[in-house]
Amino acid sequence: MVWQRTGEDWSDVRLTLSTARSASAAEPPRLREDRLTLTDRTAAERRTVDVELREQEIGDLGPAPVLGLPGVADGGETRVLDASAPVSVPADGRAHRVPVSAFTTTARSEYACAPELSPLVTRVARFDNRSGHALLAGPVDLVRDSGFTGRGTLDFTAPGAPVELAFGSCDDYRVVRHAEESQASPGLTQRTVTTHTVRLHLSRFSAPAERAGRTVAVRERVPVSEVSAVEVRLREEACSPVPDTVDAEGIARWDVVLPPGGRRTITLVYEVSASAKVAGL
């Protein structure tokens, strides 16, 4: 989108666009002394292992909703783009759409839900960036067979990298999540075991004419331990059903088929076992 108020209309001009902010002055950071010191651990520190719970974002069901009109993000490196053909931009200050590039690729779509983050089921489209250049982050118009469906946000995407676009939530689904935990007393092993149980209730409300079932990809996370003093175990015998996959980041996934008016309940059970030396959980 290009706009200008120079007082002179641009008619059939060759346009080159750059993400450089020439008006923004930049100064290098001042170097300061950073002193590091080493001290011996105390007896109490040697007897305990401090553990900290950390949440790390590894992905979601598409970018966050657009509030207003965000600017373009270039991923930290200036990008230069040439318009594919001569363009005309009047000096009226209004935004005009200028085509830069276009490409066609194979897309995959699914109904996805992460109940811990949102109770909504979202239609998500996934495809690879085959444009040959980076896609800048910013607002995008979402169009389906029925026409314009809304506006979303595109993240900065390198060439060949996967892209996710959320096409909004589906009102005919409802997801309810219940989580509980129970802690067992230390036994002869001197380990504390905390059992976490998560129950997900999925419902689909469909029109009377619908007959086909839909597959919903449900994702729920399981903690991943980075220290040997804390162990996390998925209790598959107590899960109903057992997750279809559990990746290295601890994201459990079920592909649930819901017929019109169908209901399903998913139960996830996992244990967090910590030795007596662990503090912080």
Side-chain angles (χ1 to χ4, degrees), residues 53-65 105-129 142 152-155 157-158 160-181 194-206 210 212-226 230-273:
L53 294 176
R54 183 180 72 251
E55 292 189 0
Q56 182 176 355
E57 181 178 354
I58 59 174
D60 52 18
L61 298 180
T105 184
T106 302
R108 306 170 302 278
S109 67
E110 68 177 12
Y111 295 92
C113 178
E116 187 177 4
L117 301 177
S118 172
L120 303 177
V121 174
T122 306
R123 184 74 177 268
V124 181
R126 292 180 171 86
F127 58 92
D128 295 331
N129 176 17
L142 303 175
T153 301
L154 178 69
D155 289 337
T157 308
V163 185
E164 292 186 358
L165 284 178
F167 276 74
S169 60
C170 303
D171 296 335
D172 52 348
Y173 290 93
R174 183 184 180 188
V175 181
V176 179
R177 180 180 186 271
H178 297 286
E180 58 185 24
E181 64 179 56
T194 304
T195 303
H196 297 260
T197 303
V198 180
R199 290 184 175 87
L200 309 175
H201 305 280
L202 284 76
S203 303
R204 178 185 174 190
F205 307 92
S206 306
E210 292 192 30
R214 288 180 181 176
T215 301
V216 180
V218 182
R219 294 176 175 86
E220 185 73 24
R221 65 175 178 172
V222 177
V224 176
S225 176
E226 298 178 345
V230 178
E231 298 178 357
V232 180
R233 184 178 73 92
L234 180 66
R235 294 183 53 187
E236 295 187 358
E237 70 280 1
C239 296
S240 176
V242 177
D244 296 327
T245 59
V246 180
D247 60 19
E249 285 79 21
I251 302 301
R253 169 173 172 156
W254 297 264
D255 291 328
V256 181
V257 179
L258 282 179
R263 293 177 174 84
R264 289 288 300 275
T265 298
I266 297 175
T267 303
L268 173 69
V269 181
Y270 61 90
E271 293 178 347
V272 179
S273 176

Working for side-chain contact (heavy atoms from CB on, under 4.5 Å), residues Leu200 and Glu220: CA-CA 9 Å; Leu200 309 175; Glu220 185 73 24; 4.0 Å; yes
Salt bridge (Lys or Arg N to Asp or Glu O under 4.0 Å) partners for Asp128, two or more places apart: Arg130
Residue list, salt bridge (Lys or Arg N to Asp or Glu O under 4.0 Å) with Arg263, at least two apart or on another chain: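 For Arg263, no residue satisfies salt bridge (Lys or Arg N to Asp or Glu O under 4.0 Å) once neighbours in sequence are set aside.
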Using a 3.5 Å cut-off and no angle test, enumerate the donor-acceptor pairs between side-chain atoms of residues 264-271 and protein atoms at least two apart in sequence or in another chain.
residue: Thr265; atom: OG1; partner: His201; partner atom: ND1; Å: 3.1
residue: Glu271; atom: OE1; partner: Arg233; partner atom: NH2; Å: 3.3

Residue pair [X] / [Y], side-chain heavy-atom distance below 4.5 Å:
X      : Y      : value
Val246 : Leu234 : yes
Val272 : His196 : yes
Val121 : Val175 : yes

Ser225 side chain vs Val230 backbone, donor-acceptor pair below 3.5 Å: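 It does hold such a pair.
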Heavy-atom donor-acceptor pair, Asp244 side chain to Asp255 backbone, under 3.5 Å: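 Checking the backbone N and O of Asp255 against the side chain of Asp244, a donor-acceptor pair under 3.5 Å is found.
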Reported [atom1]-to-[atom2] distance for the pair [X] and [Y], which is rounded to 0.5 angstrom:
X      : Y      : atom1 : atom2 : answer
Glu164 : Thr157 : CD    : OG1   : 9.5 Å
Asp172 : Cys170 : CG    : SG    : 6.0 Å
Leu202 : Trp254 : CG    : CH2   : 10.5 Å
Thr122 : Leu165 : OG1   : CG    : 12.5 Å
Thr105 : Phe127 : OG1   : CZ    : 7.5 Å
Leu117 : Arg221 : CG    : CZ    : 7.5 Å

Considering all heavy atoms, the nearest [X]-[Y] contact:
X      : Y      : result
Val224 : Ala248 : CG2-O, 4.0 Å
Cys113 : Ser118 : SG-O, 4.1 Å
Pro260 : Ser206 : CA-OG, 3.4 Å

Please determine whether a side-chain nitrogen of the Lys or Arg among [X] and [Y] lies less than 4.0 Å from a carboxylate oxygen of the Asp or Glu.
X      : Y      : value
Arg204 : Glu210 : yes
Arg199 : Glu180 : yes
Arg219 : Asp247 : no

Tyr111 six-ring centre to Arg123 NZ/CZ under 6.0 Å and within 45° of normal: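 Yes - Arg123 lies over the ring of Tyr111, closer than 6.0 Å to its centre and within 45° of its axis.
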